[in-house]
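Please read the structure below before turning to the comments.
Sequence lines set the chain letters: A, B, ... in the order given, protein chains first and strands last, and positions in each chain run from 1.
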Amino acid sequence: MLPMLFTAGSRAMPVLGGRAIRRFTSTPSVTETAPSSFADHTHIFNESFTPVKAAAEHQENIAKYNAYLNTFIDLADPKQIQEQAESASQRWKSNQSKSPLDGTVMGYKMNLCTKELRTTCCSPMLDNFQAPYTATAIQLLEDAGVIMGGKVNMDEFGMGSYNTFTNVGPAKNPHNVLGKDTAALDQGEDRSPGGSSGGSAAAVASNMCFAALGSDTGGSVRLPASYCGVVGFKPSYGRISRWGLVAYASSLDTVGILAKSVDNTKLIYDTMAKEDPKDSTCLTSKQRQAIAEAIKVSPVSAEQNPQHPLSGVRIGIPQEFNIAELSPATRSRWRKGIQVLKDAGATVVPVSIPTTKLAVGAYFTLATAEASSNLQRYDGTRYGHQSNEVDEKEDLYSHTRSEGFGKEVKRRILLGTYVLTSGSFDNFFLRAQKIRQMIRDDFDAIFARPNAITGSIGSVVQSADIEETDAKVHALLSPCSVTTAPRLQDCVGDHIDPINAYMDDILTIPASLAGIPAMSVPFGICAEDGHPVGLQVMAQYGDEEMVFRVGRILEAKGKTPSLQ
Amino acid sequence: MLQHKGAINLALARDGANIARRYFFQLPSRSLLRTLSTTVNHPASVPRNLVKGRWEPIIGLEIHAQIKSATKLFSEARTIFNAPTNTNVTLIDAAYPGTLPQLSQECVDLAIKTALALDAHIYPVSSFDRKHYFYPDLPQGYQITQHYEPLAQNGKVELSSLDGLDYSLTIGIEQLQLEQDTGKSLHDVYPGETLLDLNRAGTGLMEIVTKPDMRSSKEAGIMVKKLQQLLRAVDSSDGNMEEGSMRCDVNVSVHEIGKPFGQRCELKNLNSVKAVVDAIDAEIERQIQLNESNIPVDQETRGFDASTGQTYRIRSKETAPDYRYMPEPDLPRLVLSQHTIHALKESLPELPDIRRLRIMEEYDVGIIETRTLMGEEGMVEYFEQVLRDDSNRNVKSVVSWTIHELLGRLHSRNLQFGSQIVTFSQLGSLIDCVDKKIISAKVGKSVLDIMVDGDCRLAMDIVNEMGWRQIDDQMQMEQWCASIIDRYPKKVEAIKKGNIGVLGFFVGQIMKDSKGRANPVVVNQLLRQKIGISSK
């Protein structure tokens with residue numbers, strides 16, 4: 001039996017002995033050995049496809065589509081991007097590249113702080129806000145040679161699922177837009193890119209950048225990835241520093257990645273997944289090692305057999321994710337996904353996560369409570385919007401906050417404030433905390449590998465070929481969204497019931513509450529409306545590698561025409 | 001606050017739940033511990049203080065002591081009193097979007113030391129919570145505190161006759177928790193405008209809550225002073241109420257013996273021990289008057305106006321804010337190993353009660369002198385250094401010169417005690433000169449004056465330069481005696497007739513003529529010889 005490595009906690013997932021203390025260490029820098037040749041060390045660039053060429057393509061797409069798609073809100077200076085791309089190209093030619101990502105251009109969600117452009121969170125409250133510092137995640141990318149393309153659209157403070165709650169107008173889904181004359185498009189048919197990281201997903205899908213960073217609190221990276229047909233990855237809570245990510249719900253917030261392939265996603269993830277003393281909830285190197293050790297329980301063979309690359313891997317199909325609201329087309333893609341994994345040699349078994357149906361309620365209780373707390377700081381006295389209609393102190397606050405927050409943000413602040421009032425704290429907040437723990441326990445109960453955070457022990461699968469009904473699994477497969485991207489006109493306006501909108505997060509929320517890694521992998525096109533469908537792969541806490549491994553198989557098969 | 005805590009416990013019981021406990025009570029036995037170790041200090045049947053023959057006041061304290069750490073509780077900004085406005089502020093202190101708190105090890109260590117000095121139980125796991133309210137000097141819109149799981153609970157402080165009480169008394173310490181201080185609002189520097197100084201925002205505080213174990217303003221006043229001593233002894237806080245590094249809120253209620261406790265009022269913003277004592281007395285008086293007029297006492301927060309000597313309402317219970325406590329998601333639980341706690345315990349300095357007894361026994365010094373020695377920071381160390389420096393020194397002389405002469409001179413110059421003004425070797429050299437009769441005590445005092453005024457030399461150097469060496473030259477003294485006897489024949493007669501007191505006048509006169517340099521003992525003997533009366 002494994003020792004319980006860490007204590008379980010109510011707060012941010014990694015709750016670790018001694019970790020609470022501030023240590024005066026510097027942020028670790030990225031050290032890369034100099035590669036010997038272009039293509040040997042990156043699959044991204046080669047002699048004919050250089051950073052300069054890629055950057056030019058991105059600029060071209062921005063020029064063509066950004067006005068219509070409303071993706072990039074603040075753009076970096078194109079001249080500066082070109083210069084940076086030229087330097088990177090030079091470094092590649094002289095075998096001095098900083099990393100495999102050197103010279104790539106990325107877009108950053110408007111809630112990630114950068115010294116250069118605004119960090120508005122797409123809120124009137126921060127419309128004039130220029131952060132005096134850069135988020136750790138972005139700093140690590142910059143150290144690896146990544147070029148900032150600009151800051152992208154999002155739902156205000158990360159609150160929304162369609163990128164419609166934004167102070168600059170909704171971003172649009174690029175699918176079926178690319179290659180067309182935007183002036184001739186029927187705007188009534190415009191689809192949502194999903195949210196809240198809609199701008200990030202749309203920017204990647206329309207090749208305005210190599211990849212983008214988003215943030216995922218309850219599905220904000222995975223849902224737009226699914227709608228836009230790109231890879232969307234939310235790592236385990238605590239893997240990537242939150243320093244510089246403007247908080248929505250601190251115990252759920254993760255920096256997420258949107259990219260065009262699983263391999264690119266992994267490259268970016270590996271660059272950012274580092275210890276950071278500035279974020280006390282970010283895993284230390286020691287803890288990362290401990291997790292890596294714990295994951296070794298229930299090993300699976302390496303991908304030796306090219307016919308059966310998932311041989312020995314057990315995949316669970318969570319029955320509770322098969323909800324009535326699931327569109328038949330989505331359900332059929334899910335079945336196809338199961339078949340693909342079986343064909344790749346995986347053992348697929350049904351599993352049960354009974355608390356799934358309680359997840360949405362628990363999520364909106366906890367997330368709104370934390371949001372109401374995190375957004376208390378926007379009072380108009382130090383930065384951001386300040387109301388002109390000011391006589392008394394109380395007026396300054398109420399006017400500033402009434403003017404500075406959008407409708408959905410206000411709704412969630414009010415909900416969260418109510419949840420935390422002394423009369424309802426026990427009934428709502430504590431209960432939601434309990435449900436969250438039950439969900440974690442549910443996941444721990446079905447994963448073969450141990451959870452180093454909760455101290456679950458996992459179990460060694462003796463033989464992967466035995467199809468016991470109670471057997472434990474290495475990964476889970478589910479759809480990522482209930483439907484394909486909805487039409488924008490169905491997402492805005494007073495006729496929209498917010499509760500229905502919240503239900504669209506039902507498939508992504510359980511992984512957020514459990515803090516486990518989850519990825520939306522594009523898996524073909526919906527037969528009915530021709531829009532992308534994403535399948536979600538989840539694995540045990542800290543087992544990102546398993547998510548990548550299963551994701552790669554789905555990605556490869558999802559592209560084959562027979563599945564279209 | 002206590003009410004809230006009770007509610008959580010109820011919820012636990014109701015759900016019988018491991019899960020909530022795992023979230024909020026890492027130690028399931030915490031509430032049990034609290035019950036077990038609550039000792040009854042004094043049987044209610046023996047009231048210590050009855051006002052107007054029937055009313056017993058019940059008093060509890062809530063102390064906020066600023067932690068004497070180099071940096072703030074959650075940021076690396078410095079903590080300097082009276083620094084230029086907004087110069088010790090980081091992005092974390094100003095609550096910039098995307099910033100996160102980073103707990104300071106130093107603050108935790110100092111709080112643990114304080115808890116140890118209060119004989120409290122330190123929890124291996126404690127946690128942080130957010131207390132929400134809107135105010136411009138609270139940049140985050142919430143204060144990070146330890147509402148649900150404080151650092152330490154169940155301590156105690158002993159008071160006795162040595163502290164100025166007529167009896168011995170144990171005051172229970174409910175808990176000690178870490179929390180953030182606020183910034184400062186500066187009102188009407190410009191008319192109608194409020195300016196903000198965030199220098200103090202985020203500075204570490206220890207909130208120390210006592211049990212309602214005090215029964216009079218005197219007990220409360222002595223308790224506050226005792227806490228100050230403890231904080232200064234472990235060097236975790238300046239404990240200075242006037243500068244605001246220690247703030248004191250008081251809960252007061254009155255009841256009749258045998259009846260339940262009365263409704264309590266909280267007195268806030270008391271910035272001296274005197275204000276604490278006066279406010280409690282005024283509040284007891286007010287509550288008794290209400291009770292005697294059959295007007296119910298409302299639970300409210302009250303202030304104290306020193307000019308009228310009255311307390312006044314700040315807010316009633318109805319308008320009390322709902323702080324919406326929530327676990328702080330940006331900070332993991334604070335996990336302390338027994339090793340850490342043990343190491344800090346080992347590093348504790350001698351605590352006041354122990355030190356006081358030791359000084360009284362080891363040096364045979366009275367309580368008043370001991371209290372004076374301990375009343376000034378660093379004075380005991382100074383005193384013992386003077387003694388250690390030369391084992392031949394006389395304790396009584398050292399006590400007298402340290403307390404009466406040196407401290408008296410510093411106080412009359414409005415100076416705090418400091419070991420640098422007159423160093424221990426300087427004072428030692430002075431005491432030696434006097435005790436070895438190189439100079440008289442009177443000259444010694446003049447030498448000390450010179451030292452206090454900034455002369456860094458040892459006593460001998462000053463004495464030699466001034467030519468103040470005591471004169472033992474027999475011839476010279478005989479001359480002085482002869483001349484004074486010649487000058488005052490009538491007084492000589494008086495002495496011969498038995499009016500020995502006049503001899504003192506002669507000695508005094510000679511001391512004056514010799515500018516204090518004559519040895520008064522020798523002079524006395526010579527005079528007696530010459531006048532022809534027996535020695536003593």
Side-chain angles (χ1 to χ4, degrees), chain A residues 7-12 14-24 111-113 119 121 126 129 131-133 135 242-247 249-251 277-281 369-370 372-373 375-379 381-384 393 396-397 417 420-422 425-426 429-430 433-434 437-438, chain B residues 3-4 7-8 10-12 14-15 17-20 22-24 26 71 74-76 91 94-105 108 125 127-128 130 132-136 138-142 185 194 196 198 322-337 340:
Chain A
T7 49
S10 65
R11 24 217 95 220
V15 181
L16 306 148
R19 181 61 189 86
I21 307 296
R22 182 171 74 217
R23 308 231 184 268
F24 298 92
N111 61 353
L112 285 158
C113 289
T119 302
C121 298
L126 291 179
F129 181 66
Y133 71 107
R242 291 186 294 119
W243 177 261
L245 167 64
V246 180
S250 313
S251 77
K278 292 201 197 82
D279 176 1
S280 308
T281 64
E370 290 186 24
S372 76
S373 174
L375 270 57
Q376 287 251 133
R377 66 187 58 198
Y378 304 109
D379 56 19
T381 59
R382 296 173 309 283
Y383 46 74
K393 181 193 87 203
L396 169 67
Y397 278 61
T417 303
L420 290 177
T421 48
S422 60
F425 182 82
D426 296 3
F429 191 86
L430 270 190
Q433 290 269 43
K434 278 167 61 180
Q437 185 56 45
M438 285 157 72
Chain B
Q3 187 189 11
H4 204 101
I8 298 290
L10 271 181
L12 272 177
R14 199 167 50 237
D15 297 319
N18 288 325
I19 290 145
R22 252 159 92 182
Y23 277 122
F24 283 103
Q26 199 72 19
T71 59
F74 296 114
S75 83
E76 292 178 26
L91 295 177
Y96 262 62
T99 59
L100 299 164
Q102 298 148 42
L103 180 60
S104 146
Q105 173 82 61
V108 173
V125 179
S127 59
F128 292 93
R130 294 178 178 180
H132 300 88
Y133 62 94
F134 283 114
Y135 206 79
L138 185 73
Q140 294 164 133
Y142 54 82
S185 297
T194 297
L196 287 177
L198 296 182
D322 182 340
Y323 292 124
R324 293 179 283 122
Y325 287 99
M326 183 188 91
E328 166 57 88
D330 287 332
L331 291 165
R333 295 178 166 225
L334 175 58
V335 181
L336 302 167
S337 69
T340 307

Completion exercise
If you tally heavy-atom pairs under 4.5 Å between each of P132(A), A247(A), A131(A) and chain B, the highest tally belongs to P132(A)
Handout entry: Side chains of R382(A) and Y96(B), donor plus acceptor under 3.5 Å
Key = no
Practice task
Examine distances only and state if a side-chain atom of T99(B) and a backbone atom of W243(A) form a donor-acceptor pair shorter than 3.5 Å.
Solution key: no
Exercise for the section: Taking the side chain as every heavy atom from C-beta outward, state whether E328(B) and S250(A) have any pair of such atoms under 4.5 Å apart. Expected result: no
Practice task
Count the heavy-atom pairs under 4.5 Å between each of C113(A), S373(A), G384(A) and chain B, then report the option with the highest count.
Solution key: S373(A)
Problem - Contact check, side chains of Y383(A) and P97(B), non-hydrogen atoms, under 4.5 Å - result: yes
Practice task
Return yes if some donor-acceptor pair links the side-chain N/O of Y133(A) with the main-chain N/O of G98(B) below 3.5 Å, else return no.
Solution key: yes
Practice task
Examine distances only and state if a side-chain atom of D322(B) and a backbone atom of S422(A) form a donor-acceptor pair shorter than 3.5 Å.
Solution key: yes
Problem - Flag side-chain contact, heavy atom, 4.5 Å: S372(A) against R324(B) - result: yes
Practice task
Please look at T417(A) and chain B and tell me whether the side chain, the backbone, both or neither of the residue comes under 4.5 angstrom of a heavy atom of that chain.
Solution key: both
Problem - Contacting moiety of Y133(B), where chain A heavy atoms sit under 4.5 Å - result: backbone
Exercise for the section: Side-chain contact test, heavy atoms from C-beta onward, threshold under 4.5 Å: evaluate it for R130(B) versus E370(A) and give yes or no. Expected result: no
Exercise for the section: Provide the closest heavy-atom pair for T281(A) versus L331(B) in the form atom of the first, atom of the second, distance. Expected result: CG2-N, 4.4 Å
Problem - Heavy-atom check, side chain of H132(B) versus side chain of L420(A), under 4.5 Å - result: yes
Problem - Toward chain B, the part of L112(A) with a non-hydrogen atom under 4.5 Å - result: neither
